[in-house]
Amino acid sequence: MTMDKTFAPADIEARINEMWNSASAFAAGAGSKPGMDSFSIVIPPPNVTGSLHMGHALNNTLQDILVRWKRMQGYDVLWQPGTDHAGIATQMVVERQLAEEGNEGRREMGRQKFIDRVWQWKEESGGTILNQLKRLGASCDWSRERFTMDEGLSKAVLKVFVELYNEGLIYKGKRLVNWDPKFETAISDLEVENIEVDGHMWHFKYPLAGGATYEYVEKDEDGNVTLREERDYISIATTRPETMLGDGAVAVHPSDERYAPIVGKLCEIPVGPKEHRRLIPIITDDYPDPEFGSGAVKITGAHDFNDYQVAKRGNIPLFRLMDERGGMRADGETYAVEAAKAKTLREEGGVPDEEHVDTINLVPDEYRGLDRFDARKQVVTDIDAEGLMILVEDKKVMQPFGDRSKVVIEPMLTDQWFLDAKVLAEPALASVKEGKTNFVPKNWEKTYFDWMENIEPWCISRQLWWGHQIPAWYGPDDHIFVAEDEETALNDAIQHYMASEGPWKAWLEDRIDNFHPEELITRDPDVLDTWFSSALWPFSTLGWPDKTPELARYYQTDVLVTGFDIIFFWVARMMMMGNHFMKDEDGKIVEPFHTIYIHALVRDEHGQKMSKTKGNVLDPLVLIDEFGADAVRFTLAAMAAQGRDIKLATSRIAGYRNFATKLWNAVRFAQLNGAALTLGFEVDEVKEPVNRWILTEASRAIQEVEEALAEYRFNDAASSAYKFTWNLFCDWYLELLKPTLNGDDSPAMHEARATMAYVIDTILALLHPFMPFITEELWEATGGFDGRPQPLALSPWPELDYADADAAADINWAIDLITQTRSVRAEMNIPPGARLSASLVGVTDTVRDRLESQAAVLERVGRFEALVEAVGAPEGTVQIVVGGTTLCLNVGEVIDLGAERVRLAKEIDRLDGEIARIDKKLSNDKFTARAPEEVVQGERDKRAGYEAEKLKVGEALERMG
RNA sequence: GGGCGUGUAGCUCAGCGGGAGAGCACUCGCUUCACACGCGAGGGGUCACUGGUUCGAUCCCAGUCAUGCCCACCA
């Protein structure tokens with residue numbers, strides 16, 4: 001076939017993909033050799049709403065390189081693809097779509113109809129990102145695509161939830177959680193981003209109850225009194241005045257003498273109508289720092305995590321002030337009655353207990369329904385108007401934001417489900433400590449350890465609709481029944497109540513077999529955190545809890561390839577779940593993977609994080625359109641050095657696009673010159689030094705690529721393959737072959753054609769994991785004597801153990817000679833087209849052989865008119881020392897004798913410098929005594945070489961007179 | 001406050017105990033019959049700084065400076 005001059009990726013990528021698809025080239029086990037081990041990777045499932053970004057491109061390129069490599073090596077390979085249902089993100093996308101279409105909203109639709117709608121969206125648009133992965137060339141087994149809300153995966157989720165619940169590792173409780181007022185759901189600690197923003201700190205006076213006063217005394221470090229005054233208030237500082245209405249106490253440090261006189265007394269929250277203000281106690285706790293602010297802290301247990309701890313320790317009531325949207329709650333019908341009770345209680349010298357305060361209208365009318373930030377302004381204004389504001393400072397404050405919603409997270413007291421992560425973390429921690437699962441690079445272990453060792457309960461419930469609904473049902477008395485399905489839960493409930501003595505026993509006896517389940521039990525409306533199902537991904541995708549052949553074959557998976565940003569979200573949780581549920585016949589833990597390869601983040605060329613707002617986003621699909629998938633992949637691999645972020649510049653991609661073109665043209669050249677594997681070609685029978693040399697180098701390249709990939713040094717693997725292809729094969733081998741290929745028909749020509757074809761096959765195979773499209777295309781284009789029985793993707797990885805040191809020495813000598821000649825020619829401005837005659841002085845037998853066998857090559861590539869042996873250097877020649885022999889170039893009239901003398905003198909200077917440096921070393925007794933013998937000998941050898949060269953150059957200089 | 005990382009050619013990055021490398025950019029020369037997305041030849045670096053270990057340090061150790069990221073409850 002004829003090939004175009006340049007390689008046009010767009011023309012072939014779709015076709016090659018189609019070919020792989022119809023050949024089922026990526027099906028689990030495709031191309032594997034009998035009896036080979038499995039090699040499996042589960043893809044980090046992208047969000048079903050996602051579209052391919054550079055991070056995905058890097059992540060999946062690296063996986064694909066490993067998978068294609070192992071597949072070619074004959075392993076039984078599975079790369080398991082799929083997507084994640086991404087609870088919040090997906091619900092958000094569909095809600096936005098509903099709004100844009102002018103449709104009724106989620107709440108109006110109702111749960112079931114909304115969920116149906118999301119499924120519909122998923123069927124229509126959910127495949128986008130996987131199709132984009134195909135464009136990248138990802139060789140997943142697409143026939144095994146999974147989705148975290150598939151029937152099978154949902155079954156796994158139910159089973160895990162029920163088992164963990166029965167083991168007491170999942171529980172429900174009223175806790176302070178991170179509440180996202182935009183999505184109106186709880187989120188986990190990990191979904192909160194703490195960001196420093198400009199804020200204020202307000203200092204307020206909390207008047208003491210009943211107008212009481214005390215003597216406030218401040219002292220300096222030496223105990224001298226610096227301030228003494230009578231106060232009828234305690235000064236507190238806050239960044240969140242709107243939470244004052246929920247204060248349960250004011251806390252001071254027990255050692256703080258300033259407030260000792262008033263500890264135990266009551267003070268007033270100076271907000272709202274005076275007659276209804278709550279009084280709160282002044283307590284001691286270790287939490288307040290006497291050095292910070294006034295040393296007194298208001299305690300708002302229901303809206304601050306620190307305060308929550310203090311409140312629990314001090315038995316301080318918790319007052320939830322806000323509704324789901326972060327507005328000041330507008331309920332409180334019992335306000336008048338209950339507040340009056342509380343007031344009475346206070347007048348009698350008591351503190352309202354929880355029973356009373358819970359129903360007190362905490363939020364006075366003027367704040368009701370206000371957004372929390374408006375409420376903040378209002379509270380500040382009102383306190384200021386009353387003259388109780390001491391000062392307001394500008395201050396940087398750390399504020400929690402929802403990672404998806406970007407709104408300020410509100411700590412809220414709600415009922416939620418939790419997973420006791422501490423228990424599950426133990427074995428997950430041990431597996432890494434014992435080296436059964438290894439991080440690459442290893443330093444990520446520390447991050448993992450730190451987090452796992454300090455792990456907090458995981459809030460797994462979400463107040464969303466899209467997701468795995470929690471399999472818990474509540475009886476009429478709120479008794480919880482957890483089961484994999486409603487029928488089981490119902491039976492459990494019936495049993496439970498029949499065995500009880502309560503009213504529900506009678507109710508049941510009345511209408512057993514004749515009531516609707518919902519009259520007895522109702523299902524918890526919450527769904528699980530998306531990451532709960534992702535945590536099961538390595539085994540749920542393989543069919544667990546069923547005992548499938550795939551599970552037996554491909555679990556444990558081999559390597560997890562992912563970014564460090566989801567070590568906590570995903571990696572740690574897969575380890576916890578995998579280690580808890582996956583055991584072998586002996587009951588020993590089988591980790592989800594033996595290696596965790598953590599790759600870098602892709603940034604822009606200046607190291608900035610790519611973001612839409614900065615406008616520095618590189619879209620991999622655009623880059624693929626422009627440069628081809630192979631170039632994008634190769635760039636990412638070449639830059640994937642461990643332990644550093646990737647700063648991606650398009651110039652690099654262009655460079656590797658050029659590499660693809662180079663490869664294309666090399667193969668085209670070979671084609672034009674009749675490259676073809678001949679029947680029965682055996683590398684061991686190759687005779688020509690040039691061929692033996694390239695086979696030696698090919699063997700080395702294969703080994704380098706293998707070693708690098710085995711250690712996940714993708715950049716080293718890429719660069720070895722690159723250098724071999726371009727700098728050795730193209731730059732030298734093909735050039736050295738040209739005289740033979742253009743010459744008369746000869747055995748050498750046939751050997752060249754065959755070797756060329758053989759090495760091209762090797763190159764295509766070596767590069768295939770990195771550049772699958774062009775190599776596959778060229779593989780087709782270069783079918784040998786028997787055609788191509790298999791796509792390259794399923795062809796064997798090259799095996800070549802070949803080394804010929806003599807041939808290498810011969811060819812390297814020729815390369816050296818040509819290089820030095822070129823250098824002199826360029827230096828002396830000799831027209832590139834001019835052919836020079838030259839002679840060699842001091843020719844040994846070895847060199848004579850080389851001259852003889854490579855005469856044609858030397859003359860053509862070195863552009864010599866004639867290259868002959870001579871006894872002495874002819875007049876008017878430029879002399880170069882090439883390994884013990886002096887090459888005398890007859891440059892004719894071009895020669896500038898003065899310049900040539902200077903050139904040679906400079907050369908001698910350089911050699912003198914080298915010799916002096918070595919002499920300095922060798923004359924150091926400590927060096928010769930302590931350095932290893934081979935190092936010392938190496939220096940001596942080098943010195944001898946320089947000496948010999950210097951001698952020749954000196955002779956050349958002398959001859960010039 | 002804790003943890004991890006990075007400072008090597010103009011730019012983006014490899015290397016990491018024994019003479020400083022790549023790609024891009026730059027300079028010079030090439031319509032050499034595969035490739036100008038090319039070929040050939042070049043210029044350019046006290047390998048952040050200061051100490052230490054060593055026969056020998058860009059590489060190992062300590063400190064300093066600069067810079068990035070992650071975690072963390074200072075109201």
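So that the names make sense, note that chain A is the first sequence line, chain B the second, and so on, each numbered from 1.
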Next item on the list: Looking only at side-chain atoms of A/Arg652, point me to the closest of B/A75, B/G18, B/U12.
Entry: B/U12
Next item on the list: Select base, sugar-phosphate, or nothing to describe what A/Gly199 touches, counting heavy atoms under 4.0 Å on all strands.
Entry: nothing
Next item on the list: Could you tell me whether the phosphate oxygens of B/C71, OP1 or OP2, come under 4.0 Å of any side-chain nitrogen or oxygen in A/Lys446?
Entry: no
Checklist line | side-chain N/O A/Ser651 vs B/A25 OP1/OP2, d < 4.0 Å | finding: no
Next item on the list: Determine the interatomic distance between P on B/U46 and the same-named atom on B/U54; round to the nearest Å.
Entry: 29 Å
Note to self: side-chain contact (heavy atoms from CB on, under 4.5 Å) for A/Val824 and A/Arg903? Distances and angles first, verdict last.
What the structure shows: CA-CA 10 Å; A/Val824 168; A/Arg903 187 182 71 82; 4.1 Å; yes
Next item on the list: Send over the distance from A/Asn673 CG to B/C35 C1', rounded to a whole Å.
Entry: 13 Å
Item checked: P-based separation of B/G44 from B/C28 [nearest Å] -> 16 Å
Next item on the list: Searching all strands shown, indicate the nucleotide that pairs with B/U50 (Watson-Crick or G-U wobble; both distances under 3.5 Å).
Entry: B/A62
Notebook entry, point to check: Relative to each other, are the rings of A/Phe714 and A/Tyr597 parallel, tilted or perpendicular (30° and 60° limits)?
Noted result: perpendicular
Check: Nearest to the side chain of A/Thr661 - B/A34, B/C35, B/A75?
Finding: B/C35
Checklist line | A/Lys738 to A/Phe669, cation-pi by 6.0 Å centre distance and 45° axis angle | finding: yes
Notebook entry, point to check: Between atom CZ in A/Arg825 and atom C1' in B/C39, what is the gap in whole Å?
Noted result: 14 Å
Check: With sugar-phosphate meaning primed atoms plus P, OP1 and OP2, does A/Lys723 contact a base, only sugar-phosphate, or nothing at under 4.0 Å between heavy atoms?
Finding: nothing
Next item on the list: Would you indicate, yes or no, if B/C35 has its OP1 or OP2 atom less than 4.0 angstrom from a side-chain nitrogen or oxygen of A/Asn658?
Entry: no
Next item on the list: Tell which nucleotide pairs with B/U12, taking only Watson-Crick or G-U wobble pairs whose two distances are both under 3.5 angstrom.
Entry: B/A22
Next item on the list: For A/Met639, report the nucleic acid contact type (base, sugar-phosphate, nothing); a contact means any heavy atom under 4.0 Å.
Entry: sugar-phosphate
Margin query: From the set B/A75, B/G18, B/A34, return the single nucleotide nearest to any side-chain atom of A/Glu939.
Written below: B/G18
Item checked: Watson-Crick or G-U wobble partner of B/G5, both distances under 3.5 Å -> B/U67
Notebook entry, point to check: Between B/G38 and A/Lys662, is there an OP1 or OP2 to side-chain N/O distance shorter than 4.0 Å?
Noted result: no
Item checked: Inter-nucleotide C1' distance (B/U6, B/C16), Å rounded -> 15 Å
Margin query: Classify the ring geometry of A/Phe724 against A/Phe729: parallel below 30°, tilted from 30° to 60°, perpendicular beyond 60°.
Written below: tilted
Note to self: Please report the distance, rounded to the nearest Å, between CG in A/Asp289 and P in B/C73.
What the structure shows: 16 Å
Margin query: Set out, in order, the CA-CA distance, both residues' side-chain angles and the distance that settles side chain to side chain donor-acceptor pair (under 3.5 Å) for A/Gln820 and A/Ser823, then state yes or no.
Written below: CA-CA 5 Å; A/Gln820 294 210 43; A/Ser823 194; over 6 Å; no
Margin query: Taking any heavy-atom pair under 4.0 Å as a contact, classify A/Arg240: base, sugar-phosphate, or nothing.
Written below: nothing
Notebook entry, point to check: Whole Å only: how far is the CD atom of A/Gln937 from the P atom of B/G18?
Noted result: 19 Å
Item checked: Residue mapping more 5' on RNA chain B - nearest nucleotide basis, A/Cys730 or A/Tyr656 -> A/Tyr656
Next item on the list: Mind checking A/Asn924 for me? I need base, sugar-phosphate or nothing, with any heavy atom below 4.0 Å counting as a touch.
Entry: sugar-phosphate
Next item on the list: May I ask you to say what A/Thr928 touches in the nucleic acid, namely base, sugar-phosphate or nothing, with a heavy-atom cut-off under 4.0 Å?
Entry: nothing
Notebook entry, point to check: Nearest of B/G5, B/C39, B/C69 to any side-chain atom of A/Trp726?
Noted result: B/C39
Margin query: So A/Phe7, base contact, sugar-phosphate only, or nothing? Heavy-atom distance under 4.0 Å.
Written below: nothing
Item checked: Whether over 12 other heavy atoms sit under 6.0 Å from A/Lys442 NZ -> no
Check: Taking the side chain of A/Asn443 as heavy atoms from C-beta outward, which of B/C4, B/A34, B/G42 is closest to it?
Finding: B/C4
Notebook entry, point to check: After noting the C-alpha distance and the side-chain angles of A/His253 and A/Asp285, does the key distance pass the side chain to side chain donor-acceptor pair (under 3.5 Å) rule?
Noted result: CA-CA 5 Å; A/His253 196 270; A/Asp285 190 276; over 6 Å; no
Note to self: Rounding to an integer number of Å, can you tell me how far A/Tyr308 OH sits from B/A75 C1'?
What the structure shows: 19 Å
Notebook entry, point to check: Of all the choices, B/C35, B/A41, B/A75, which nucleotide is nearest to the side chain of A/Pro288 once you look at every atom?
Noted result: B/A75
Note to self: Using atom P in both nucleotides, what's the gap between B/C47 and B/G10 to the nearest angstrom?
What the structure shows: 13 Å
Check: Between A/Phe439 and A/Trp444, does the ring centroid distance fall short of 6.0 Å?
Finding: no
Next item on the list: Pick the P atom in B/G38 and in B/G21, then give their distance to the nearest Å.
Entry: 23 Å
Item checked: Nucleotide forming a Watson-Crick or wobble pair with B/G29, both distances under 3.5 Å -> B/C39
Notebook entry, point to check: If the C1' atom of B/U53 is compared with that of B/A62, how far apart are they to the nearest Å?
Noted result: 10 Å
Margin query: Measure CD1/A/Ile567 against C1'/B/G3 and give the value in whole Å, please.
Written below: 12 Å
Margin query: In whole Å, measure the gap between the P atoms of B/U12 and B/G5 for me.
Written below: 22 Å
Note to self: If you apply the rule side chain to side chain donor-acceptor pair (under 3.5 Å), what do you find for A/Thr725 with A/Lys662, and how did you get there?
What the structure shows: CA-CA 9 Å; A/Thr725 304; A/Lys662 184 75 182 176; over 6 Å; no
Next item on the list: Could you tell me whether the side chain of A/Glu735 has a donor or acceptor atom within less than 3.5 Å of a complementary atom in the base of B/A34?
Entry: yes
Check: Across all strands shown, which nucleotide pairs with B/G44 by Watson-Crick or G-U wobble geometry, both distances under 3.5 Å?
Finding: none
Note to self: By nearest atom, which of the nucleotides B/G40, B/A75, B/A14 is closest to the A/Asp731 side chain?
What the structure shows: B/G40
Checklist line | Separation of atom CD1 in A/Ile299 from atom C1' in B/C73, rounded to whole Å | finding: 12 Å
Item checked: P-based separation of B/A9 from B/A20 [nearest Å] -> 15 Å
Next item on the list: Quick one: label A/Phe292 by what it contacts on the DNA or RNA (base, sugar-phosphate, nothing), any heavy atom closer than 4.0 Å.
Entry: base
Next item on the list: Taking only the side-chain heavy atoms of A/Met398 (C-beta and beyond), determine which of B/A34, B/A75, B/A72 contains the nearest atom.
Entry: B/A72
Notebook entry, point to check: Out of B/G42, B/G3, B/G40, which has the shortest distance to the side chain of A/Ser823?
Noted result: B/G42
Item checked: Spacing of A/Glu453 atom CD relative to B/A72 atom P, expressed in whole Å -> 15 Å
Next item on the list: For A/Lys395, answer base if it contacts any base atom (sugar-phosphate contacts may also be present), sugar-phosphate if it contacts only those atoms, and nothing otherwise; contact means non-hydrogen atoms under 4.0 Å.
Entry: sugar-phosphate
Check: Given B/C70, B/A75, B/G3, which nucleotide is nearest the side-chain atoms of A/Phe568?
Finding: B/C70
Checklist line | Residue of the set A/Val250, A/Val297, A/Asp247 for which side-chain contact (heavy atoms from CB on, under 4.5 Å) holds with A/Ile236 | finding: A/Val250
Notebook entry, point to check: Are OP1 or OP2 of B/G18 and a side-chain N or O of A/Lys942 less than 4.0 angstrom apart?
Noted result: no
Margin query: Classify A/Arg657 by what it touches in the nucleic acid, base, sugar-phosphate, or nothing, heavy-atom distance under 4.0 Å.
Written below: base
